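Notes follow the structure.
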Amino acid sequence: MTDPRDTVLTHALQAEGTYDSGKAPAGIRRIPRGVDGLATEHLVVNIGPQHPSTHGVLRLVVELDGEEIMNAEVAVGYLHRGIEKLGEHRRYHQLGTLMDRGDYVSGIHGELAAALATEQLLEVEVPAKAQWLRSLMSEINRVASHLVWYGTFGLDCGAMGQFLYAVRDRENLLDILEAVSGQRMMFNYVRPGGVVADLPADAEQKLRTFLRTIDGYLEEHDALLGGNEIFQKRVRGVGAIDRTTALSFGLTGANLRCTGVPYDVRRDKPYAAYEELQFDVPLGSTGDAWDRYLVRMEEMRQAVRMIRQCIDGLPEGDVMAKVPKVLRPPAGEVYACVESPRGELGVHLLSDGSDTPYRFHYRAPSLFAMQVLEEILPGQLLADAIMLIGSVDVVLGEIDR
Amino acid sequence: MSAVLSAILPVLAAVALMLVNGVVLIYMLRKVLGHLHLRLGPMHVGPKGIVQTTADVLKLLSKEDITPNGVDRWMYVLAPVVVFVPSLMAYAAIPFSETLRITRLDTGLLYTFAVLSLVPLGVIMAGWASANKYSLIGALRAAAQQVAYEVPLLLSVIPVVMIVGSLDLGEIVAFQTGVWMGVVPRWFIIPLLPSFAIFLISALCELNQTPFDMSEAESELVAGFATEYSSMKFGLIFLSEFSNSFVISALAVTLFFGGWTLPFVPEEILTPIAPLIFVLKTYIGIFVFMWIRGTLPRVRIDQLMNLGWKWLIPASLAWIMLVGVVVKLTAPGGVS
Amino acid sequence: MLPDETVVRTTLSGVTQAEVSTSTLGVVVRIPADDASSALAALKASSLDFIMLVDLLGTDTGEEVEITYHLRSLTRDEDLYVKCVLPYEGVLHSVWNVYASALLPERETAELFGLTLAGHPNPARLLTVDDTEPLLRRSVAIRTLEEVRDR
Amino acid sequence: MALDKLMGEHSVAFVKSEQLFDWARRNSLWYLAFGIACCAIEGLMHASGPRFDFDRMGVFFRASPRQADVMIVAGTVNRKMAETVKLLYDQMPEPKWVVAMGACASTGGPFREYPNVVLGVDKIVPVDVYIPGCPPRPESVQYGFIQLQEKIKRQSEERSAARRNRR
């Protein structure tokens, strides 16, 4: 019986003639089957580009034996929009708009990485107030992005309620981001040399009211999902990634920290105002989905703590350095990285002295998080595969760039 | 009335009750889930969105009825019927009040469970026939789940039958009228709390409701076994899911919450409004199911199997032995 | 936080002839393309212990494609950039058995620069449909305003 | 519908029943969330969230194309995605509509110069409502749905008007 959905599955793979289920990369573990000689026929299921729980248009070609996954292969590229190619035809201050649409859940971090790279080329000194505003907006965006992760992670495990509570809090955060930058998602707020505008009065007042309730809401979220017995049974000890696998697959950010490796770009390569802010970096131990949950929930609390420090300690002064209207940085190559909610988001700029970059490369942390899935999925159950996609928190706009 | 008429009238009443139930329950689900999730649920279609479900049903009626190619034709068309009819037949034995009942069956309980266990047959037919990998996995999950939870469901009900001594639902309710020691109602929920707990868990599995809704898991299997069904065929499956929850909740009320009786209400006020009380109690039960559906995450299929075989069945067997001993000890004087 | 060049030079001296320099990027090592994986293995095993391949990117320098490996050692918190040059239709040898994090970036770089990937478990195209030309080459132009206007 | 053969095309029963079914179609639009990119976060997550609630208008999320009436294309469609969009559109039962949400789905948006991007989803599937914005606010997505409901009402009036002057 041909399954109409199958035509979607095989057109890309059979056309390339590369997919045969027997061949898995040697490095990736193969689960021997037919232990008692019972040869079961494998079912190749296509967790397709249109699927309620994939975070955008991820297609996971999964070879199932019953419920157990024998071999998983990532087929991406359904959202390849050429951010890097178009970056070569944009001026330096326009790179932020492309980066917003790369990781569209936390746009500020992309803009900040592009601005930092340009500033390294220009060697321009960013005023102190702009540094603090950058850290403030990054942390607000981090809480908003972790709320999206928290909502969709619960949805992948089947819980509907806490998703809506997370969206409720995210609405308040987007109001603040909109009051400061004028847009809910594509802020275009951080430019080379500083930030576009100062903090308006109502944004500060909104932030204060938000901060009064957020701690209670975070406890509520933790109790609603983390405290739930069924969720804990589903998540503890599942999809564990040990230290060496995480490092060899290039994981960064919360996915790496949950295996115990204390690497955080905000502390090891400090940028913006992170030297003056007190925050501690939560670490996990086993690297399973439960640790990823705990590390990210703790990161949200640290982010709220930093937001409080940012508002109280905001210095005076102007928000934009003296930067020429058309930026023509000297020829050179530079790499600047930022701690985005998904990991280390880096921008690799090669400039040839003209007003558009010669090569604009965007290091996407989600690509490496997706890569590790191909390694840990064989052996898991189908239900866990969907949950693990949610736990490593990927954004497809970043993977396909 | 002539014999034929008196036979047909209750069946028509059952069908009408089921359709009205389906419409009201779908509206209630969207409203309850809405308010659970801090939003309003349907509001614009008619005052407070009351007419929303009729709009949905009418739209489903007028949709194009697709039969995808590569589908096993007859089983594909038959499956929704096999899912719909048993949940319609299950209405037969439910006692709405002393007299108001479709049929007086002295094996009412057994009949209802037998009919309800036909529904997974339709689910498996639907999943297998619609030539879609998601529905196949959903159907096989439904099969494993129903088989694993049919047994504890029946075992949890045996203590009630042991005490009452008959399978007739009316009698079970009659047994629960009156009051103990002046204040405690004689409902079975109080002495037989563990068997109610087991009944609730396995009932949730029977209904494929969260936290055990693996067979139509939204986030994993797109729409589970009903993925390939459009328009009114999907409508039948959707409707039968809700009428199943009405039947199971009605059973729970009859067995454990004293059917249509209220402890302190004198006889003559009770009889005219008995069906109303019964339906009200059933709707409270359904509200609890929806409440659970809105909050809990989904259990993995193998954890579900462990829970079923390793925990629920031994627990219900032990509980039956305990109740048996107690009933035996107090047999001459009946339950004190 | 720059790795000290003499140690880099000594570790690579046995394996391949490399010329180490410092630019705005940091310490950059240029090596011939075909012994990239042996050089990376040497760097990974050396005292500098570059445990992580952070990133892999290609750049079209006008007449050939330059591949950059961005290595990082977490214990010493130092970054190193290993660059090698490939002709346009050249062969990119996969380094995934040294650093498994190169699996997907290599597929993407090879596909967008028109290189052929050798020694990779699944050398299929990652991002684009089969007959698209290598989009990140400088020769491939983007759509002009007229093309877009009368879509 | 068999009713028009039975009662004749201009009979009150048929015209009234047609209006009734059009009213039903208008008020229960089940959408197939086809969230591709940033518009998905805004148009599907926030629009069905607590503040802007889609469910008030009877618009409900269905995962399978068989049970969906409206396909919201939320995000950039590139050449690899075009096939899937076409396939999903074909799998949807007949009275179906397409809402192109955001600048990318309408005309290619900020990525229109990249050769791999399809300039607007109307090159693949017939589109009924275009929602401008990058990403459009949830209110504008709901306004787009109200326009779609108006369009359905207008279509049914046009049908009955055409039938009237054909008499």
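Source: prediction; values computed, not measured. Computation of the quantities below employed the complete heavy-atom set of this structure, encompassing side-chain atoms and omitting hydrogens, waters and symmetry-equivalent molecules. Naming convention: chains lettered A, B, ... in sequence-line order (proteins, then strands); numbering from 1 in each chain.
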Inset, instruction - Applying side chain to side chain contact (heavy atoms under 4.5 Å, CB included), run through A:Leu382 and B:Arg141 and close with a yes or a no. - result: CA-CA 12 Å; A:Leu382 177 62; B:Arg141 279 185 180 178; 4.3 Å; yes
Legend entry - chain B contact via A:Glu229 - side chain, backbone, both or neither, heavy atoms under 4.5 Å: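 It is neither, since no heavy atom gets under 4.5 Å.
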Legend entry - Region of A:Val235 that comes under 4.5 Å of a non-hydrogen atom in chain B: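 Neither part, no heavy atoms under 4.5 Å.
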Legend entry - Donor-acceptor under 3.5 Å (A:Arg234 side chain, B:Arg298 main chain):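 Answer holds: yes.
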Mind listing the closest non-hydrogen atom pair of [X] and [Y] along with its distance?
X	Y	value
A:Tyr165	B:Leu36	OH-O, 3.2 Å
A:Glu67	B:Ile137	OE2-CG2, 3.5 Å
A:Val45	B:Tyr134	CG1-CE2, 3.9 Å
A:Cys157	B:Pro297	O-CB, 3.4 Å
A:Met160	B:Arg293	CE-O, 4.2 Å

Inset, instruction - Could you look at B:Leu33 and say if it's the side chain, the backbone, both or neither that has a heavy atom under 4.5 Å from chain A? - result: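 It is the side chain, since no backbone atom gets that close.
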Legend entry - Residue B:Leu296 versus chain A: region with a heavy atom under 4.5 Å: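 Both parts, backbone and side chain.
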Legend entry - Pick from B:Leu38, B:Leu136, B:Thr295 with the largest number of heavy-atom pairs that fall under 4.5 Å of chain A: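 It is B:Leu38.
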Legend entry - Beyond-backbone contact of A:Val238 with B:Arg300, side-chain heavy atoms, under 4.5 angstrom: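 They are in contact (side-chain heavy atoms under 4.5 Å apart), so the answer is yes.
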Inset, instruction - Compare all side-chain heavy atoms of B:Val299 with those of A:Lys233 and state whether any distance is below 4.5 angstrom. - result: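 Sidechains of A:Lys233 and B:Val299: no contact.
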Legend entry - Residues in residues 308-318 of chain B near chain A [non-hydrogen atoms, under 4.5 Å]: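 None at all.
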Inset, instruction - Would you give the length of the straight line joining atom CG of A:Asn46 to atom NZ of B:Lys133, rounded to the nearest 0.5 angstrom? - result: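 With rounding to 0.5 Å, CG (A:Asn46) is 8.0 Å from NZ (B:Lys133).
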